[in-house]
Amino acid sequence: MTPEELSSAVTACLKDAIDAGEFSIELPSEVRVERPRNRDHGDWATNIALQLSKQAGMNPRQFAGILSSRLEKIDGVAKVDIAGPGFLNITLDAGAAGELAKAIVEAGPAYGRSDALSGTRINLEFVSANPTGPIHLGGTRWAAVGDALARVFESQGAEVTREYYFNDHGAQIDRFARSLLASAKGEPAPEDGYAGAYIEDIASRVLAVEPNILELPEAEAQERFRAIGVDLMFGDIKESLHNFGVDFDVYFHEDSLHENGQVEMLLEKLKGSKNLYEKDGAWWLNSTEFGDDKDRVVIKSDGNAAYIAGDIAYIQNKRERGFDLNLYMLGADHHGYVARLKAAAAALGHDPECVEVLIGQMVNLVKDGKPVRMSKRAGTVVTLEDLVDAVGVDAARYTLARFSTDSNIDIDLDLLTKRSNENPVFYVQYAHARTYALARNAEAAGVDDSAFDAALLSHPTEGALLAALGQYPGVVAQASTFREPHRVARHLEVIAGTYHRWYDACRIAPQNGEEVTDVNRTRLWLNTAARQVLANGLDLLGVSAPERM
RNA sequence: GCCCUCGUAGCUCAGGGGAUAGAGCGGUUGCCUCCGGAGCAACAGGCCGUAGGUUCGAAUCCUAUCGAGGGCACCA
């Protein structure tokens, strides 16, 4: 029995008790059963008596008493104890927990998936770095987390579009183009420009494409460097993301919003919105209503559209493409965008809820325990490729995805490389590989899956492993609702831990000449179940699940 | 000045109202005639930044405060 099944059975008991008039309360939307830390407290525990007794006008233990007599009648429940202030501790029948092993094996890759988001179209925008250089550590974090989040949504039935928004004009790109030009001429990088080996590399590749480029007038040459350089740079970015296992469905070019005067037309229409007003010759968006500290100019007093006009048009564009939910995954240096994006959605007449901004904290580079500022100028930028070269794709993706995006993370490349074998990803992958080793040995010893008797999975480590496997679907669901894929990684570490301990305590293959029994066969099922859940979870993180290491 | 995030073991971090606060790394000590030792077991290590509040119950929610990081253009 899974915690979800138990939880809905408990809910049904509550409903019956209410219908029978045993107490009068509102049925809670969700009843949570938790795995108690202390095994003396049963297989699963719930605190609903503590939560609901006040509403029912009785003390918690009294409430728990009424409920427990009903819980005891649930199929698969062996015993219900009332403990402490009013916890209900539930112990399952010997076979009830073990049945899960078979259920998982039969569900296969579908175990942990749900249809909670089926029919929901989600646009998830992440990375979105302008092509002025390679993806650095910050962008790499969003690539790892964003893609994992997309996979989590997909596992819940959503249709996800991974989107990358960029522009190739403006001050940043100008600096990039001037830096390329300078490099091609053999001059030092401009004062406000970019330095680094990649500039020389791109510059020489531009020269290879267009050998006569330096004979053009300065302005024309710079424009050619911009156009060709951006293409080359973007090619490199896409390639390194692809090698990282992240492929975007849409690379959205900001300029496409401005074609055919689309933005102007949209702004004209918006002048009728109550969220847009005229003051001092400019048009303002009332973003303060959505938490901004000041309203933002949309149309400058010179009549030109401000940058934010593009954001507004972009939201409209996304809405027209039919997305139910538009997620923006941005770094903490963009947190000021939240209010204006919400305000923009409202101004367009959309529910601001259709725009959701996920703010993630920054990645810091650390060397010898001291922070190092990443600077494109100083050439101290650590890129996605540097990280992958140092530790490999699996360790890189896992490391970045296992932290909450609410916390800053420090990365010490030297330390990471040195300790790469101790990265938790290997702990999890090793558990997965071990399931294959055990299966190979089991087969050699004549153990097959011809029998399954759930009641034989009676060892404490088997209970713990089954419980961890049973919690997996709930963890994935939480990762989806909270937009926190790191929960999946953390739970895989728990599963790997319970698996290793089970391995240590229980054998699948019989030892020196003992007969094969149903215990061996049933354990083989549990082994396969553990492998399946580890593989499903690693897949959500975009990390490989090796058969051997 | 205002806004956002964080402050938990020596280090890096989990913990979204529950029972005795966890993991990895680092430290000490055990475990390979036995399915993979990239593993397991044990020990040491904590006024959960501080002070109030809400609650039967707070690391978790609220307020204040200190500290760290990030943001607050008719730039893009």
Across all chains, not counting sequence neighbours, the ring pair (Phe, Tyr, Trp, His ring centres under 6.0 Å) partners of W525(A) are F452(A)

Residue set satisfying ring pair (Phe, Tyr, Trp, His ring centres under 6.0 Å) with F176(A), at least two apart, ordered chain then number -> none

Is there aromatic stacking of H169(A) on rA76(B) here, judged by a ring-centre distance under 5.5 Å and a plane angle under 30°? no

Hits for side chain to side chain contact (heavy atoms under 4.5 Å, CB included) against I135(A), two or more places apart or cross-chain, chain-then-number order -> V127(A), A129(A), T140(A), Y164(A), I237(A), L384(A)

Residues 465-487 of chain A vs ring-ring contact (aromatic ring centres under 6.0 Å, His included), sequence neighbours excluded, gives none

Quick tally for nucleotides 21-30 of chain B: nucleotides whose base has a protein heavy atom under 4.0 Å get B, sugar-phosphate-only ones S, the rest -, giving -S-SSS----

Each nucleotide of nucleotides 53-68 of chain B classed B (base within 4.0 Å of a protein heavy atom), S (only sugar-phosphate) or -, in 5' to 3' order, makes --SB------------

Salt bridge (Lys or Arg N to Asp or Glu O under 4.0 Å) filter on E223(A), not counting sequence neighbours, yields R226(A)

Applying salt bridge (Lys or Arg N to Asp or Glu O under 4.0 Å) to D255(A) and not counting sequence neighbours gives none

Under 3.5 Å, which donor-acceptor pairs link side chains of residues 423-439 of chain A to any protein atom two or more places apart or in another chain?
from	atom 1	to	atom 2	distance (Å)
N423(A)	OD1	V425(A)	N	2.8
N423(A)	ND2	T399(A)	OG1	2.7
Q429(A)	NE2	D394(A)	OD2	3.0
Q429(A)	NE2	S544(A)	O	2.8
Q429(A)	NE2	S544(A)	OG	3.4
H432(A)	ND1	P546(A)	O	2.8
R434(A)	NH1	H500(A)	ND1	3.0
T435(A)	OG1	H432(A)	O	2.5
T435(A)	OG1	R531(A)	NE	3.1

Can you find an N or O donor on one side and an acceptor on the other, under 3.5 Å apart, linking the side chain of R487(A) with the base of rG15(B)?
-> no

note: Y430(A), atom OH; rA38(B), atom P; distance rounded to Å ~ 5 Å

Using a cutoff of under 3.5 Å, can you pull out all pairs of nitrogen or oxygen atoms linking the protein to nucleotides 7-9 of chain B, with atom names and distances?
none

Paired to rA58(B) by Watson-Crick or G-U wobble criteria (both distances under 3.5 Å) is none

Return all side-chain donor-acceptor pairs below 3.5 angstrom for residues 301-313 of chain A, not counting sequence neighbours, or 'none' if the list is empty.
from	atom 1	to	atom 2	distance (Å)
D302(A)	OD1	N304(A)	N	2.8
D302(A)	OD2	N304(A)	ND2	3.4

Residues passing the side chain to side chain contact (heavy atoms under 4.5 Å, CB included) test with V475(A), sequence neighbours excluded, are R487(A), H491(A)

Distance below 4.0 Å between H335(A) side-chain N/O and rG69(B) OP1 or OP2
no

Separation between the C1' atoms of rU54(B) and rU60(B), rounded to whole Å = 13 Å

Assigned chi class of rC34(B) under the 90° convention is anti

| query | If you look at every strand shown and take non-hydrogen atoms under 4.0 Å, does Y499(A) touch a base, only sugar-phosphate, or nothing? | reply | nothing

